[in-house]
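Written out below as structure tokens is the structure these notes cover.
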Amino acid sequence: MNSPLHTAATVESETLDTEECLSGTVERIVFENKQNGYVVLTLLPDAQSRVLVEKIRTRSVKKRTQVRCVGIFVDPIPGMHLRLRGHWAQHPKYGDQFAFDSSEEIFPTTMDGIRAYLTSGVIQGMGEKLAERIANTFGEETIHVLDTNPERLLEVEGLGKKTFARIRESWAEHTVHRNVSLFLQPFGITPGQSARIVRTLGDNAEALVRENPYRLALKVRGIRFDTADMIAAKLGFPKDHPFRLKAALLAVLNQSVEAGNVYLPKEVAYERLSHYHNLDEEAYDALVAELVQEKLVVDEAWAGGRALYLANFYLYETSIAERIAVILKAAKSTVFPNPKAAAETVIAGLGITLAPEQREAVVMAAESKIMVLTGGPGTGKTTIIRAIIALFAGVEAKIQLAAPTGRAARRMQEATGHDAVTIHRLLEFTESTELFCAVNEDNPLKCDVLIIDEASMIDIVLMYHLLAAVPPGCTVIMVGDIFQLPSVGPGSVLHDVIQSKAVPVVELTRIFRQSQESAIVRYAHSINQGIVPDFSNDTEKKTDFYFMEENDPEMAAKTITDLVKRRLPEYYHFSQKDIQVLSPMRPGAVGIKALNNALQNALNPNGLALKRGQQTFRVNDRVMQVRNNYSKEVFNGDIGTIESLDEKESLLSVRFDEEEVFYTFEETEELVVAYAISIHKSQGSEYPCVIIPLMQCHSWMLQRNLLYTAITRGKKLVVIIGERAALHLAVRNTKTIARLTRLDERITLIAGIAR
């Protein structure tokens with residue numbers, strides 16, 4: 001599918017003439033990209049256009065009736081009659097072709113044309129006999145009847161109510177999609193986006209967009225304010241239109257959420273709104289008041305001034321605090337008369353020796369309703385989890401283990417021997433847009449103790465749904481490394497829970513002897529303490545951590561490619577799938593984009609491919625899911641391998657560990673090539689080997705917790721390649737950008753009263 005013919009119209013053709021109009025019937029679809037609507041089709045010109053075609057043919061050696069056409073068109077079907085506007089072009093391989101810039105569907109007016117059109121596939125399930133009866137009944141008015149009065153189809157002999165309903169639904173869907181696509185195509189909206197707009201806004205999508213183009217940014221995933229604003233401007237909406245001002249302020253708040261914040265100070269939101277439109281303070285207050293009235297925004301006074309929340313994020317934050325208070329206040333469903341004695345008995349039965357802080361954690365689990373267990377690598381968190389499981393299993397309590405990602409859940413299960421699932425699966429998420437959970441406050445979890453690993457990854461939205469489903473008597477144990485990066489999504493929940501001081505916390509600091517043998521563990525803790533590791537002796541021995549100095553980004557990229565393709569597989573016997581490159585940034589020679597291109601070309605250069613925008617997917621490529629998909633049960637950050645690509649069915653399959661997941665070509669926007677990924681996206685995962693480029697061109701991203709997170713992803717080997725100055729900068733820089741959240745204050749206030 002990556003043949004040169006797919007870009008012939010825009011890349012490899014020579015324009016021959018000025019704009020022309022060509023009309024005719026679609027004979028065959030040579031190629032169709034469902035993702036961006038690009039098509040290559042053959043058109044059988046009508047009598048009027050045939051004269052033009054014959055004129056053009058004199059310039060070409062090839063003589064044929066059909067015309068090869070290339071351009072953008074949604075859902076082309078053989079038998080359609082089209083009017084195309086564009087230019088004649090000469091392709092070096094395929095000869096003359098018509099590259100069209102705009103298109104419209106023309107409905108047939110002859111009886112033969114109507115019969116052919118009805119059976120072309122536009123109407124699902126329409127057979128030749130039924131098409132014949134419909135055409136005979138309504139004649140040349142058939143298309144008009146379908147468009148304006150489809151109920152008249154019931155006049156057709158032998159056409160039942162079920163068949164009528166199917167025809168009406170299919171025709172309506174085709175008409176809406178066609179009209180919306182034709183309406184939005186001049187604004188740069190892709191066919192895939194048009195389909196999403198119709199699914200979100202319904203059959204009246206075009207009218208709704210014309211009435212208020214900013215609905216696109218407010219309701220349709222993947223369409224941002226700037227796109228809606230451009231459409232609105234072309235439709236004649238003034239810059240100070242109330243729809244625009246509301247959408248602009250909501251966009252400011254959404255951008256803040258995307259940056260990890262839960263709220264924005266009112267004065268900061270005012271300042272950022274000025275980038276879109278200048279309002280005086282009185283008009284700004286009125287705008288905020290109107291959004292508050294519409295229940296889209298919450299304007300809350302607090303000690304530091306006023307905070308603006310998107311209404312749903314205000315609900316998430318306040319509800320988490322309230323739910324923690326409820327759990328703390330409720331009677332514990334599993335009571336240990338003597339928690340310390342119970343813990344000691346379990347520890348003795350397991351035949352393990354624990355440090356005092358580890359023993360304290362097991363006792364605390366027996367005593368507490370909610371607790372936090374935090375610590376770096378090699379401090380024994382997994383050992384404590386096993387002891388806590390044994391503690392509750394000893395009294396036949398119902399135990400549930402969960403983690404934010406599939407990889408973290410599998411690692412938890414392997415380490416403890418107890419079943420563990422993702423939080424999304426635990427709650428039975430079913431709708432990505434509404435975040436509906438089958439397991440919720442009205443249908444809570446059936447467990448006495450809930451142990452959550454990698455809790456630092458849990459954002460405010462997921463924690464809201466999780467705590468809503470926890471029965472009040474349940475013991476909740478949050479396990480995580482507080483020194484890692486905060487969650488990819490908004491909020492800093494684990495940090496806020498600890499800061500509230502309403503929940504008991506055990507922080508593990510001691511590295512145990514077996515773990516001390518690992519340079520990965522030692523260096524991670526050194527970096528966390530602000531100490532740059534001394535790598536001087538590591539070049540002389542086989543270790544699990546190397547620093548390779550390289551001051552040139554281009555050379556670093558070449559070395560990384562060679563390490564993945566040849567050197568590490570030969571020396572350490574890793575498979576290439578065991579090696580994950582983690583980069584701090586997307587742009588640059590050692591950024592995610594360039595490294596993925598280099599690694600894909602080195603490791604998987606050939607084979608069946610699908611080109612999507614600037615990205616090419618090939619069978620056997622490593623890919624990552626970048627959006628939660630609840631119906632497929634794959635989530636943001638899951639990594640898999642492309643197993644197959646079916647052009648005929650427009651399907652691509654990806655193997656995520658034991659599960660094979662199928663994507664339509666349109667759905668591949670949820671995937672990215674993942675030989676190299678961001679450090680943020682690696683959270684909760686563990687890889688046999690990680691390679692980390694660290695250059696001064698990354699300087700604005702280099703922070704201690706970023707480097708610490710990257711290093712702790714490596715299980716058997718970590719390789720840093722880059723500049724010593726960049727390493728020193730990352731270790732020194734502790735100025736992480738604080739996220740704007742008031743969760744810790746709310747927990748302190750509400751939980752304090754509750755207790």
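- A 4.5 Å side-chain heavy-atom check between Leu652 and Phe662 finds every atom pair outside the cut-off.
- Residues Pro693 and Ile560 have side chains in contact (heavy-atom distance under 4.5 Å, counting atoms from C-beta outward).
- A salt bridge links Glu667 with Lys632; the closest basic N to acidic carboxylate O contact falls under 4.0 Å.
- Counting only distance, with no hydrogens or angles, the side chain of Asp453 and the backbone of Ala403 share no donor-acceptor pair below 3.5 Å.
- Contacts of Glu633 classified as salt bridge (charged side-chain N to carboxylate O under 4.0 Å, His left out), with partners at least two apart in sequence or in another chain: Arg425.
- The line from OG of Ser682 to CG of Leu582 is 4.5 Å long, rounded to the nearest 0.5 Å.
- Side-chain contact between Ile423 and Ile458 is present, with at least one heavy-atom pair separated by less than 4.5 Å.
- Legend: residues meeting salt bridge (charged side-chain N to carboxylate O under 4.0 Å, His left out) with Arg724, ordered by chain and number and at least two apart, are Glu549.
- In this structure, the side chain of Thr374 engages the main chain of Ile482 through a donor-acceptor pair within 3.5 Å.
- Rounding to the nearest 0.5 angstrom, the gap separating the CG atom in Leu494 from the CG atom in Asp496 is 9.0 Å.
- Looking at Leu702 and Leu707, their side chains never come closer than 4.5 Å, going by heavy atoms from C-beta outward.
- Proximity of Ile720 to Tyr546: side-chain heavy atoms (C-beta onward) are nowhere separated by under 4.5 Å.
- For the atom pair CG of Leu727 and CG of Leu694, the computed distance is 6.0 Å after rounding to the nearest 0.5 Å.
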Salt bridge (Lys or Arg N to Asp or Glu O under 4.0 Å) assessment of Glu669 paired with Arg196: CA-CA 12 Å; Glu669 65 180 15; Arg196 197 180 308 131; 2.5 Å; yes
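- Atom CD of Glu659 has 12 or fewer heavy atoms from other residues, nucleotides or ligands within 6.0 Å.
- How far CE of Met457 is from OG of Ser487: 8.5 Å, rounded to the nearest 0.5 Å.
- Side-chain contact between Ser526 and Val731 is absent, with no heavy-atom pair separated by less than 4.5 Å.
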Contacts under 3.5 angstrom, residues 598-608 side chains, donor-acceptor by atom type, not counting sequence neighbours:
residue : atom : partner : partner atom : Å
Gln600  : NE2  : Thr616  : O            : 2.8
Gln600  : NE2  : Asp621  : OD2          : 2.6
Asn601  : ND2  : Asn597  : O            : 3.1
Asn604  : ND2  : Val619  : O            : 2.9
Asn604  : ND2  : Asp621  : OD1          : 2.8

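- A salt bridge between Lys381 and Glu454 is absent, with no side-chain N of the basic residue lying under 4.0 Å from a carboxylate O of the acidic one.
- Looking at heavy atoms from C-beta onward, Val372 lies in side-chain contact with Val497 at the 4.5 angstrom threshold.
- The shortest side-chain heavy-atom distance between Ile352 and Thr383 falls under the 4.5 Å cut-off.
- Under 4.0 Å is where a charged nitrogen must lie from a carboxylate oxygen, and between Lys716 and Glu686 no such pair does.
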